[in-house]
2 protein chains.
Amino acid sequence: MKKNKPTIHEIARLLNIDSSTVSRALNNSNLVTQKTKDKVLKKAKEIGYQRNLLASNLRKSKSNTIGVIVPRISRHFFSSTIAGIEEASYAQGYNVIICQSMEKLEREIKIVNNLISNRVDGILVSVSMETTEDTHLKQFDLSNIPLVFFDRALSEMPNSKVLIDSIKASYDVTQHLIDQGCRKIVHIGGPATLDIYKDRFKGYKQALQENNLPFEENRVYTSALNEQEGRKIIKTLIDLGIEFDGIFSANDLAAIGAIKYLKSVGIKVPQDVAVAGFSNEPISEAIEPSLTTVDQSGYEIGRIACNLLLDRISRTDNESAIAKSVTLSPTLIIRESSKRKK
Amino acid sequence: MKKNKPTIHEIARLLNIDSSTVSRALNNSNLVTQKTKDKVLKKAKEIGYQRNLLASNLRKSKSNTIGVIVPRISRHFFSSTIAGIEEASYAQGYNVIICQSMEKLEREIKIVNNLISNRVDGILVSVSMETTEDTHLKQFDLSNIPLVFFDRALSEMPNSKVLIDSIKASYDVTQHLIDQGCRKIVHIGGPATLDIYKDRFKGYKQALQENNLPFEENRVYTSALNEQEGRKIIKTLIDLGIEFDGIFSANDLAAIGAIKYLKSVGIKVPQDVAVAGFSNEPISEAIEPSLTTVDQSGYEIGRIACNLLLDRISRTDNESAIAKSVTLSPTLIIRESSKRKK
DNA sequence: ATTTAAGCTACAATCGATTGTAAAAACAAA
DNA sequence: TTTGTTTTTACAATCGATTGTAGCTTAAAT
């Protein structure tokens, strides 16, 4: 019934040669005559041989696979980075295992153990919102598995990272809102456990200060940055009677929630309140008014991070073992939600 | 330098017992005393042992992994199915390898070979738009690897599939447009090589016929169903002077392209032309006017398909070997882009 | 023809875990 | 104490491919 898959031994037996020769032939070793190689290749094709990577990897103690951990693939930014990662790894013959933490630390820990058990050769991580501890990620170091962070990194870990300049981006966004006449700008931030959100806050604050605008504690809120939270925060602000004429949200979803709520209560965007988000999700262009935001070029981030990792995996000299930090500068995309002047 | 990871032999050596006992202890076999198990578990934790799944899987000739091939994960529908798949496989301790064909047959073929080499225990596929041949997918059968299709299936293959009732859904959408007063409805379809697009067309045609509306060839177009194509098709129609008062697109992106173009030339949606899409991408709710569409409950499809597959993998009786087709009924979501009546 | 070198191939160990079975240990019964 | 039974552990083969090395072939050089 269950026909066993052919092995190199099967080929060797049929050809009356040794399996080691078959192995070398299939790997195009120069220890084997072209004639033998041809014979082996022909027979292999004939009986439908397909290399068992489990065995091969075990022997070589190398899986030719890298693991990727992202919060969730449904976010456009992350699926872009994954596209970039796949492109880079594909080019060098590496496989990619994609895992979603769903923003849960517990899940992230399970994924880590699993990837180590699967003996991945390297790992790319963008941590979950719940991740404050690094004990689980340190396991990769202990197992000698190179790790590169992208976008969401843990600052206390010395690994290579590929980030965007969140401070500058936020500064630019905030400055833009100020240029449009905003004086009382609300900031919807993410959990301060993550550097990117701390930085977005920093850039915001910095822009206010440099423009001699007062910084008010009650205009800053942190949340899980989904649409619902965005709505809720703005509703609360209004209910409390806190005045504001601009909103800078640390991501697009929360910004969209905010816009929808503002529209629902008759507040005009951008005339009464100008709004800007972060990440340039496709939806940001579609909503009405279209959302001013920051493009993070996820594809590039993924590509660069992956190449950094692959370089680290393949080279063993000290040079490549040094952690590198790459910072990309994001671009401000100005759309209707913040355009007040002609 | 490179410390080798501890193995069961290491544990065995330290405890002065045999590695087979260690293995059984770690697998909680009842051939080992509780006392020994405790000893082993303690030592394993102490030296940071982590099972080498490559070795384990090789010996068991079972990878505990299922492969998933989707066109692209950035489509919301597919990332939803993946979420469903992960949920189901997670519950049964299976790993998931996610692969994107990027709608390319060539890429799909490479992925197939790779997954077989990695000895996945089963496979879930939604084929690319270019996939008309089934030779590469037949390899799974030859290798005795169960395969279940979801959403986009190849009708000539007898495998289990989980689909939505595209005909009925399209019929409902078209009927809805007719109810709103449309008489000349354009259909933007996908490649007829895929059943789902053929079915969407069938449902459309059927609704026209049952309402005694003429079917006009020049109101039907097939395309790659992206935003740009949607734009282009509608532009062409208008330039050619072909009249229409409704559009039923086989996916949301093309519908959105159509709406954007219509708006740009001053044609009012839904007053002049009512528009409906398919898939319920998040963006369909955000655009203005919001898009009438069909929800495919991707999460459910993924969950069901995965359970079907896992059932097929674990059970070996004839019963489970029978191909099952599950058809879900999708729900019509009526939004602004088609609402003409109060 | 003989030596020497170079080119190929075969042998055997190895990667780390699993598993059927033989052997040993523990315990109970006679 | 001896025999019989049941638990528990050790031995050894196995999964499929890779790789260092010994040995055999072949061809070139003397």
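Lettering follows sequence order; numbering is per chain, from 1.
- Both A:Lys60 and A:Asn30 sit near DNA chain C, but only A:Asn30 has its closest nucleotide nearer the 5' end.
- Looking at B:Asn159, its side chain never comes within 3.5 Å of a backbone N or O of B:Phe149 through a donor-acceptor pair.
- Of the side-chain N and O atoms in A:Thr21, one or more sit less than 4.0 angstrom from OP1 or OP2 of C:dA10.
- A straight line from CG of B:Leu54 to P of D:dC15 spans 18 Å, rounded to a whole angstrom.
- A:Arg119 places its CZ atom 20 Å from the P atom of D:dA17, with the value rounded to the nearest Å.
- Proximity of residues 34-51 of chain B to DNA chain C (heavy atom under 4.0 angstrom from any strand atom) is restricted to B:Tyr49, B:Arg51.
- Within the nucleic acid shown, A:Asn27 comes within 4.0 Å of sugar-phosphate atoms alone, with no base atom in reach, counting heavy atoms only.
- Residues meeting the side chain to side chain donor-acceptor pair (under 3.5 Å) test with B:Ser117, sequence neighbours left out: none.
- Annotation: proximity of residues 6-19 of chain A to DNA chain D (heavy atom, distance under 4.0 Å) is found for A:Thr7, A:Ile8, A:His9, numbered in ascending order.
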Where do N or O atoms of nucleotides 20-23 of chain D meet protein N or O atoms at under 3.5 Å, pair by pair?
unit_1 : atom_1 : unit_2  : atom_2 : d
D:dG20 : O6     : A:Arg24 : NH2    : 2.4

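- Taking the side chain to side chain contact (heavy atoms under 4.5 Å, CB included) definition, one finds that A:Ile116 meets it with A:Val112, A:Arg119, A:Gln139, A:Phe140, A:Ser143, A:Ile145, B:Lys5, B:Gln50, sequence neighbours left out.
- Atoms CZ (A:Arg59) and P (D:dC15) sit 17 Å apart, rounded to a whole Å.
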Only distances under 3.5 Å count here; give the side-chain donor-acceptor pairs of residues 299-308 of chain B to other protein atoms, sequence neighbours excluded, each with its distance to 0.1 Å.
unit_1   : atom_1 : unit_2   : atom_2 : d
B:Glu300 : OE1    : B:Arg303 : NH2    : 3.2
B:Glu300 : OE2    : B:Arg303 : NE     : 3.1
B:Glu300 : OE2    : B:Arg303 : NH2    : 3.4
B:Asn307 : ND2    : B:Arg303 : O      : 3.4

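- Comparing B:Ala55 and B:Thr33 against DNA chain D, the residue whose closest nucleotide sits nearer the 5' end is B:Thr33.
- For B:Glu103, the salt bridge (charged side-chain N to carboxylate O under 4.0 Å, His left out) criterion is met by B:Arg152, not counting sequence neighbours.
- Distance from the side chain of B:Ser23 is smallest for C:dT19 among the nucleotides D:dG16, C:dT19, C:dT9.
- Remark: B:Asn118 engages A:Leu53, A:Asn95, B:Asn114 in a side chain to side chain contact (heavy atoms under 4.5 Å, CB included) (not counting sequence neighbours).
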Ignoring hydrogens and angles, write down the donor-acceptor pairs under 3.5 Å from the side chains of residues 11-18 of chain B, residues two or more places apart or on other chains.
unit_1  : atom_1 : unit_2  : atom_2 : d
B:Arg13 : NH2    : B:Glu10 : OE2    : 3.1
B:Asp18 : OD2    : B:Ser20 : N      : 2.8
B:Asp18 : OD2    : B:Ser20 : OG     : 2.7

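- The CG atom of B:Leu58 sits 9 Å away from the P atom of D:dA17 (whole-angstrom rounding).
- As a whole-Å value, the separation of A:Asn52 CG from D:dT14 P is 17 Å.
- B:Val32 comes within contact range of the sugar-phosphate backbone alone, with a heavy-atom separation under 4.0 Å but no base atom that close.
- The side chain to side chain donor-acceptor pair (under 3.5 Å) test applied to A:Asn28 returns A:Lys37, not counting sequence neighbours.
- Annotation: side chain to side chain donor-acceptor pair (under 3.5 Å) contacts of A:Glu46 (sequence neighbours excluded): A:Lys43.
- A donor-acceptor contact shorter than 3.5 Å links the side chain of B:Glu108 to the backbone of B:Ser128.
- A search for side chain to side chain contact (heavy atoms under 4.5 Å, CB included) contacts involving A:Leu163 returns A:Ala153, A:Lys161, not counting sequence neighbours.
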